[in-house]
Structure formats: structure tokens, C-alpha cells
Number of protein chains: 2
Amino acid sequence: MISSRFPISLHILTLLDDANGAVVSSDYLAGSININPVLVRKEIMNLRKHGFVDSKEGKGGGSFLAKSASDINLGDVYKSLRNQNILGQSKNEPNPKCPIGKQINQHLNTLYSDAENALVDNLSKQSLADFASKFK
Amino acid sequence: MISSRFPISLHILTLLDDANGAVVSSDYLAGSININPVLVRKEIMNLRKHGFVDSKEGKGGGSFLAKSASDINLGDVYKSLRNQNILGQSKNEPNPKCPIGKQINQHLNTLYSDAENALVDNLSKQSLADFASKFK
DNA sequence: TCATTCTGTAATTATTTTTATTACAGTACA
DNA sequence: TGTACTGTAATAAAAATAATTACAGAATGA
């Protein structure tokens, strides 16, 4: 299943788009998503690192989109969440003495990265603006 | 990340293909995958339910492919693992008082099922025979 | 026929991953 | 200079996964 971080990130971005440039606090975001504010701040940290949002510290601070919603594409958001290669990464360690087990991870990884590319390509067809427009 | 059940199922199927019709015990499978035999038997139960494999009880028993490896396609294997719709299914319950939160799951689900279709279509390009041939 | 070697399956426990909570330093505003 | 935020670490709680134990039932073959 797509990491639950993806819906959180998308939710944040959608709310920020909805705020129309206004600064939004992590507490407000957490309230809408219904998760802990610290988790929100962690996701924002990632979104900021990837240039999707920016934040302002201190009183009256919060986050806002760092670029136009039409310049943020959902495939890129998805990709921003992977450490290396999200989808597969079999952490399982098959028996190296088995001729199949020995090489299966290598083949699985190829399979996964192809499949994941197809998924990302699909997500990339949509911008945050497209997605957010569904709420209007 | 794709459920870790997918690699397990694929591993099982690949080993059964490799066995060339011979009956393979869940202990042997578990040994190659390096997981608990009971987990293997559970996956086999699912694979059997979907007609990919069949099993023989009792002494000398085990599992074997129920159809030709070229008639088993990886997209179908993937699909056999989902309860309803694997990928997304935001279990998160956003705040219903928030105009965005209220409807986001509905939009996420659409997004997910499109993306998942793209992924499954990609996997469907490959049969078990194609996959297994990489090991030779 | 009966000991043996399997499967099927439930119940329980252990482990890992995910999420929430607490805490507090630092920043900016008024 | 108090207040309302962010940033971040550390810890605890909860949930999801996986392993283990256990045992009934099926098929085989000595």
C-alpha cells in the first residue's frame, strides 16, 4: 500500500492551496487531517526540503506553498517520499543457498521499479491544482 | 510499499515453476524464502483460492502450479492479494468539519485506484513464465 | 494398521513499524 | 517580554506483521 505519508502530504498541500497563500499552522493542518501536529511538522520538513512548501517560524508562523499549485505534480510529491525505492525493497533475506532465493531480490527490484514507474507516471499526469480543483 | 505478501507469493510461484510439476512442501518453500512455514501455507491458501496452485495433503504432499506458468500473469497475482483495494484505503479519518478533510478520502481513492490500475497493467505485461525465465 | 510426513488452521506471542505524546529550545511578532 | 508558533529529539503507546506452538486430519507405505 502506498505509504500513508503520501495522503498526509497531499492533504497538507491541498489545505495550503486552499489557504490561498495565507500562512497555516501545523496545529490547524493536524486538526483537519486528524493526526498529531508533530507528524505534520515532519512531513512539512520533507515537503520543504523538496521545495514544495516553505515555512515561517515564530508567532503567526506556519506554512504555505512555495510554488504555484499547477507547478506541483503529484508524481513528484510521491517521489519525494521515497528513501531509495519505496515500493518494493524486499527487506526479506532469502536463503542464499537456494538458486532461486539467491537471485530473486534482484529480479523483484527490477520488477518493482518498472511497476513503480508506471504508477508515478500516472500520478504525474495530475498537478496539485488539478487535484485541489476537485474540492471546489 | 507493495505488500510484502506479493514478493512471498511470487517467490512461491517461482519455486513451484522451477520444480517443474513436482510437489513441493511448505517447509522447503519456507526455507528458500526464509520465513515461517505457516506464513507460506497461508499464502498458498490464497494462491490456491485464486486457482494459481493446488496442493496435496498427507505424506509426500505439498504444492504445485495449477496451470501453466505462461497462463499466470503477475498483475493477476498482485490483484489476488487485495482485500478490497490494496494501494490506498486511507484508514485515516480526517476531520469531517473541515471542508477539505470531509471529502479528501473520496478524491484520494479515485487517485489511488487510477494509479493502481497503471501499476497492475504494468505487472500484467509479464507472466510467471517470463519472470521465472530470468533465473535460468 | 499404524507410524510417519505432510497440510490446514487456530491461538498465542514476539517483533517491528507506525503513530502519538511530551518536552523544550529557538524564532518572530506585537 | 509574553505569547504563539516552528523544529526536533526522546519516549511511549498502538497497530500491524511475522513467528511460534499446537494439534487435528489426510495420504503414504512399511
Side-chain angles (χ1 to χ4, degrees), chain A residues 1-9 11-12 15-16 19 22-50 53-64 66 81-83 86-95, chain B residues 1-9 11-12 15-16 19 22-50 52-64 66 81-84 86-95:
Chain A
M1 111 151 171
I2 278 185
S3 159
S4 74
R5 293 178 57 199
F6 182 66
I8 292 174
S9 285
H11 199 144
I12 292 170
L15 288 166
L16 294 185
V23 152
V24 185
S25 78
S26 60
D27 260 45
Y28 177 85
L29 297 170
S32 168
I33 307 177
N34 196 24
I35 58 173
N36 194 284
V38 175
L39 232 192
V40 170
R41 299 209 279 264
K42 274 186 190 158
E43 280 321 316
I44 283 174
M45 190 159 48
N46 179 66
L47 291 169
R48 190 172 51 238
K49 200 165 66 191
H50 286 85
V53 310
D54 210 343
S55 311
K56 211 180 125 188
E57 290 192 2
K59 187 172 180 180
S63 303
F64 50 94
L81 294 171
R82 54 178 155 193
N83 326 18
I86 269 189
L87 252 200
Q89 208 51 228
S90 336
K91 57 165 185 203
N92 186 255
E93 295 173 21
N95 185 344
Chain B
M1 110 152 174
I2 278 186
S3 158
S4 74
R5 294 178 54 200
F6 181 65
I8 291 174
S9 285
H11 199 145
I12 291 171
L15 288 166
L16 294 185
V23 151
V24 185
S25 78
S26 59
D27 260 43
Y28 177 84
L29 297 170
S32 168
I33 306 177
N34 196 24
I35 58 173
N36 194 283
V38 175
L39 233 192
V40 170
R41 298 208 279 262
K42 274 185 189 156
E43 279 322 314
I44 282 173
M45 189 158 51
N46 179 65
L47 291 169
R48 191 172 50 240
K49 200 165 67 192
H50 286 85
F52 299 123
V53 309
D54 209 344
S55 310
K56 212 180 127 189
E57 292 192 3
K59 186 172 180 181
S63 304
F64 49 94
L81 294 172
R82 53 178 156 194
N83 327 18
Q84 289 118 42
I86 268 190
L87 250 202
Q89 210 51 227
S90 335
K91 54 161 189 206
N92 186 256
E93 296 173 20
N95 186 344

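Values below: every heavy atom of this structure, side chains too, minus hydrogens, waters and symmetry copies. These numbers were taken from a predicted model, which means no experiment stands behind them.
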* Asked: Along nucleotides 23-30 of chain D, 5' to 3', which nucleotides get a B, which get an S, and which get a -, given that the test is a protein heavy-atom distance under 4.0 Å?
  -> ---BBB--
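Note that CD of B:Glu93 and CD1 of A:Ile33 are 14.0 Å apart. Values are rounded to the nearest 0.5 Å. In this structure, CD1 in A:Ile35 is found 9.0 Å from NE2 in A:His11, a value given to the nearest 0.5 Å. One finds the CG atom of A:Leu39 at 9.0 Å from the CZ atom of A:Arg5 (value rounded to the nearest 0.5 Å).
Heavy-atom contacts from other residues, nucleotides or ligands closer than 6.0 Å to OH of B:Tyr28 number 12 or fewer.
A:Glu43 has its CD atom 14 Å from the C1' atom of D:dG7, to the nearest Å. Rounded to an integer number of Å, the gap from A:Phe64 CZ to D:dC5 P is 16 Å. Regarding A:Phe6, its CZ atom lies at a distance of 17 Å from the P atom of C:dT18, rounded to whole Å. The NZ-P distance, from B:Lys42 to D:dT21, rounds to 15 Å in whole Å. Across the protein-nucleic acid pair, A:Leu39 atom CG and D:dA9 atom C1' stand 14 Å apart, rounded to whole Å. Separating the CD1 atom of A:Ile44 from the P atom of D:dT6 is a distance of 7 Å, rounded to the nearest angstrom. Computed from coordinates, the B:Leu47 CG to C:dT7 P distance equals 14 Å when rounded to whole Å. Rounded to an integer number of Å, the gap from CG of A:Asn46 to C1' of D:dG7 is 15 Å.
Taking 4.5 Å as the limit, every side-chain heavy atom of B:Phe64 sits out of range of all side-chain heavy atoms of B:Val53. Side-chain contact between A:Asn46 and A:Lys49 is present, with heavy atoms from C-beta onward closer than 4.5 Å. In this structure, B:Val24 and B:Ile12 have side chains that are not in contact, with every pair of non-hydrogen atoms separated by 4.5 Å or more.
A:Arg48 has a side-chain polar atom (N or O) that falls below the 4.0 Å cut-off from OP1 or OP2 of D:dG7. Residue A:Ser4 has no polar side-chain atom (N or O) positioned under 4.0 Å from OP1 or OP2 of C:dT18.
Just one residue in the list A:Ser9, A:Ser26, A:Ser63 forms a side chain to side chain contact (heavy atoms under 4.5 Å, CB included) with A:Val40, and that residue is A:Ser26.
Listed by residue number, B:Ile35, B:Asn36, B:Val38 are the residues of residues 23-38 of chain B with a heavy-atom contact under 4.0 Å to DNA chain D.
Judged by distance alone, the side chain of A:Asn95 and the main-chain N or O of B:Asn34 form no donor-acceptor pair under 3.5 Å.
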